[in-house]
Amino acid sequence: MAKCGSSDFDMMAHVLELAEHGLYTTKPNPRVGCIIVRDSEIVAEGWHYRSGTDHAEVVALKEAGERARGADVYVNLEPCSHHGQTPPCVNRLIDAGVRRVVVGTQDPNPEIAGGGIRALQEAGIVVEVGVNADASYNLNEGFFLRMNRGTPLVRVKLAATIDGKTASADGGSQWISSLESRADVHHWRAESCAILAGIGTITSDNPRLNARLDAEILQPLRVVIDTHCSLKPDAALFSQEGEVLVAIGSEQASSQAQFDNRTEVISFPNESGQVDLGALIRELGRRGCNNVLVEAGARLAGSFAAQKLVDEYLFYFAPDLLGSGRSMFVLDDILMLQDKIPLNLYETARIGRDLRLRLRPEIKP
């Protein structure tokens with residue numbers, strides 16, 4: 001194995017690179033990497049590949065064998081201490097005789113939440129927690145949010161011209177963004193546990209709502225908000241493998257629906273007979289969704305924004321002008337400047353000829 005950086009921070013950075021190998025496949029589990037180090041040399045490494053398979057620590061321990069005894073272990077998330085689909089990792093680390101375990105962040109899962117750290121310490125193993133903690137959190141932010149508040153990270157994606165139009169006056173929208181931006185979106189789709197769209201988007205664009213990359217992907221759940229259950233069984237999204245959830249406004253709306261056994265129709269009615277978006281998002285959290293990507297039209301995107309259900313906005317701006325046309329959001333209740341929804345710029349990137357912005361709602365003190 002190759003030599004690694006001399007600092008714990010550098011070693012944890014390598015762990016995070018390994019963890020990213022599971023970016024598209026570990027859902028609903030977090031992405032975790034692990035290295036085992038002796039005399040500043042990485043003697044074994046591993047990452048969690050898919051739910052139900054060995055955790056990163058176990059993969060690395062199997063590779064290390066006896067070289068793990070007396071070694072330092074680096075892992076970006078606290079080793080598990082409970083029986084899930086696989087046995088506790090802390091037991092394997094203790095039995096292997098490791099000297100020290102360096103952890104990026106404590107696991108927010110209430111079944112663990114410090115229990116793994118305590119078990120290691122009680123076994124006489126030195127434990128360091130919080131190395132490269134911000135990056136460790138960011139890699140699994142949706143998982144942390146789901147564990148802490150019960151709902152996933154909700155990201156709203158929109159493509160528009162630089163003057164904020166998502167379609168021309170005649171309704172044309174393909175393609176506002178560049179080829180490179182459209183390819184970039186598939187990475188966000190691939191790492192999401194669910195892709196959500198409204199019936200308007202399904203009817204106008206007929207999207208497949210899947211991730212298309214040259215990589216192994218555990219395809220996200222496809223969610224359609226369809227108040228009156230008007231979704232057609234021949235929609236393109238049904239041509240893809242995987243499950244579909246249709247969220248409707250009332251039980252009566254589903255009486256005429258004819259879908260195959262991969263499709264589940266559930267009512268989430270609000271007082272107006274529309275789909276209760278908050279209830280839907282809570283249900284997705286209950287189902288183990290860590291990240292939800294919303295690809296919606298102006299009205300649905302506006303509803304998510306107005307109800308404060310958005311954690312991040314992902315905007316692709318093409319350097320073009322349309323003047324008239326469809327706007328990015330419909331926000332009927334915002335009439336005065338002081339009613340605006342303030343956002344903070346989180347990240348900017350040049351994607352092809354476009355500008356990609358990531359923005360997050362301003363958190364008021």
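No hydrogens, no waters, no symmetry mates; every other heavy atom, side chains included, goes into these values. This structure is a prediction, so every number in the text was calculated from the model and none was measured.
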How about CG on D134, more than 12 heavy atoms from neighbouring residues, nucleotides or ligands closer than 6.0 Å, or not?
no
Under the side-chain hydrogen bond (donor to acceptor under 3.5 Å, both in side chains) test, which residues partner E264, sequence neighbours left out?
R287
Verify whether one side chain among D54 and Y49 offers a donor that lies under 3.5 Å from an acceptor in the other.
no
Distance-only donor-acceptor check, side chains S192 and N291, under 3.5 Å
no
What closest approach, in Å, do V59 and G46 show between heavy atoms, and which atom pair accounts for it?
CG1-CA, 3.7 Å
Going by chain and number, the hydrophobic cluster around I176 (ILVMFWY, side chain to side chain under 4.5 Å) further includes L322
For D354 and S177, test the side chains for any donor-to-acceptor distance below 3.5 angstrom and give the result as yes or no.
no
Mark yes or no for whether K157, through its side chain, and L293, through its backbone, hold a donor-acceptor pair below 3.5 Å.
no
Can I get a per-line list of side-chain donor-acceptor pairs under 3.5 Å for residues 300-315, giving both atom names and the distance, sequence neighbours left out?
from : atom 1 : to   : atom 2 : distance (Å)
S303 : OG     : R299 : O      : 3.1
D311 : OD1    : R149 : NH1    : 3.1
D311 : OD1    : R149 : NH2    : 3.1
D311 : OD2    : R149 : NH2    : 2.6
D311 : OD2    : V154 : N      : 2.8
E312 : OE1    : R358 : NH2    : 3.1
E312 : OE1    : R360 : NE     : 2.8
E312 : OE1    : R360 : NH2    : 2.7
E312 : OE2    : R155 : NE     : 2.8
E312 : OE2    : R155 : NH2    : 3.4
E312 : OE2    : R358 : NE     : 2.8
E312 : OE2    : R358 : NH2    : 3.3

The complete set of salt bridge (Lys or Arg N to Asp or Glu O under 4.0 Å) pairs with one or both residues in residues 196-221, sequence neighbours excluded, reads R50-E216
In this structure, are over 12 heavy atoms from other groups packed under 6.0 Å from D260 atom CG?
yes
Give the minimum heavy-atom separation between G288 and C193, together with the two atoms involved.
O-SG, 4.3 Å
Which residue pairs satisfy the salt bridge (Lys or Arg N to Asp or Glu O under 4.0 Å) criterion with at least one member in residues 114-127, sequence neighbours excluded?
none
For a side chain to side chain contact (heavy atoms under 4.5 Å, CB included) with W47, tell me which candidate from H21, E20, E17 qualifies.
H21
Nearest heavy-atom contact between L77 and P30 is CD2-CG, 3.5 Å
Step through the shown structure and confirm whether more than 12 heavy atoms of other residues, nucleotides or ligands are within 6.0 Å of CD on E283.
yes
V98 and I125, any side-chain heavy atoms less than 4.5 Å apart
yes
Does A236 offer a backbone N or O that forms a donor-acceptor pair with the side chain of N206 under 3.5 Å?
yes
Basic-acidic side-chain contact under 4.0 Å: R38, E41
no
Within one Ile-Leu-Val-Met-Phe-Trp-Tyr cluster: V224 and L280, side-chain cutoff 4.5 Å
no
Are I248 and I266 close enough that some pair of their side-chain heavy atoms sits under 4.5 Å apart?
no
Partners meeting salt bridge (charged side-chain N to carboxylate O under 4.0 Å, His left out) with E271 (sequence neighbours left out)
none
What's the separation between atom CD in Q338 and atom CG in L335, rounded to the nearest 0.5 Å?
10.0 Å
Just checking, any donor-acceptor pair under 3.5 angstrom between side chains of H48 and E57?
no
Taking R356 first and then E347, would you say they form a salt bridge - that is, a charged N and a carboxylate O separated by under 4.0 Å?
yes
Under the rule for ring pair (Phe, Tyr, Trp, His ring centres under 6.0 Å), what residues qualify as partners of Y346, not counting sequence neighbours?
none
Test item: E45 side-chain N/O and A60 main-chain N/O as donor-acceptor pair under 3.5 Å:
no
Answer yes if the side chains of Q219 and N210 hold a donor-acceptor pair under 3.5 Å, and no otherwise.
no
What residues form a salt bridge (charged side-chain N to carboxylate O under 4.0 Å, His left out) with R100, not counting sequence neighbours?
D8, D72
Would you please name every residue forming a salt bridge (charged side-chain N to carboxylate O under 4.0 Å, His left out) with R182, sequence neighbours left out?
none
Is there a donor-acceptor contact under 3.5 Å from the side chain of N132 to the main chain of G104?
no
Contacts of F238 meeting ring pair (Phe, Tyr, Trp, His ring centres under 6.0 Å) (sequence neighbours excluded), chain-then-number -> F259
Does a donor on one side chain sit under 3.5 Å from an acceptor on the other, for D226 and S230?
yes
Out of T201, V156, I281, L158, which one pairs with V294 under the side chain to side chain contact (heavy atoms under 4.5 Å, CB included) rule?
V156
Mind checking salt bridge (charged side-chain N to carboxylate O under 4.0 Å, His left out) for D234 and listing every partner two or more places apart, or none if nothing turns up?
none
Quick one about T26 and N29 (side-chain donor to acceptor, distance below 3.5 Å, no hydrogens or angles considered), yes or no?
no
Residues clustering with L23 (ILVMFWY side chains joined when closer than 4.5 Å, directly or via others)
L16, Y24, L139, L213, I217
Atom pair CG (L355) and OH (Y316), whose distance is rounded to the nearest 0.5 Å
11.0 Å
Please check: side-chain N/O of E78 versus main-chain N/O of G114, any donor-acceptor pairing under 3.5 Å?
yes
Salt-bridge test for E180 and R353: reply yes if a basic N is under 4.0 Å from a carboxylate O, no otherwise.
no
Below 4.5 Å, heavy atoms only, C-beta onward: do N76 and M12 meet side chain to side chain?
yes
Can you tell me how far apart CG (L231) and OG1 (T263) are? Round to the nearest 0.5 Å.
8.0 Å
Are any of the side-chain heavy atoms of L61 and I36 separated by less than 4.5 Å?
yes
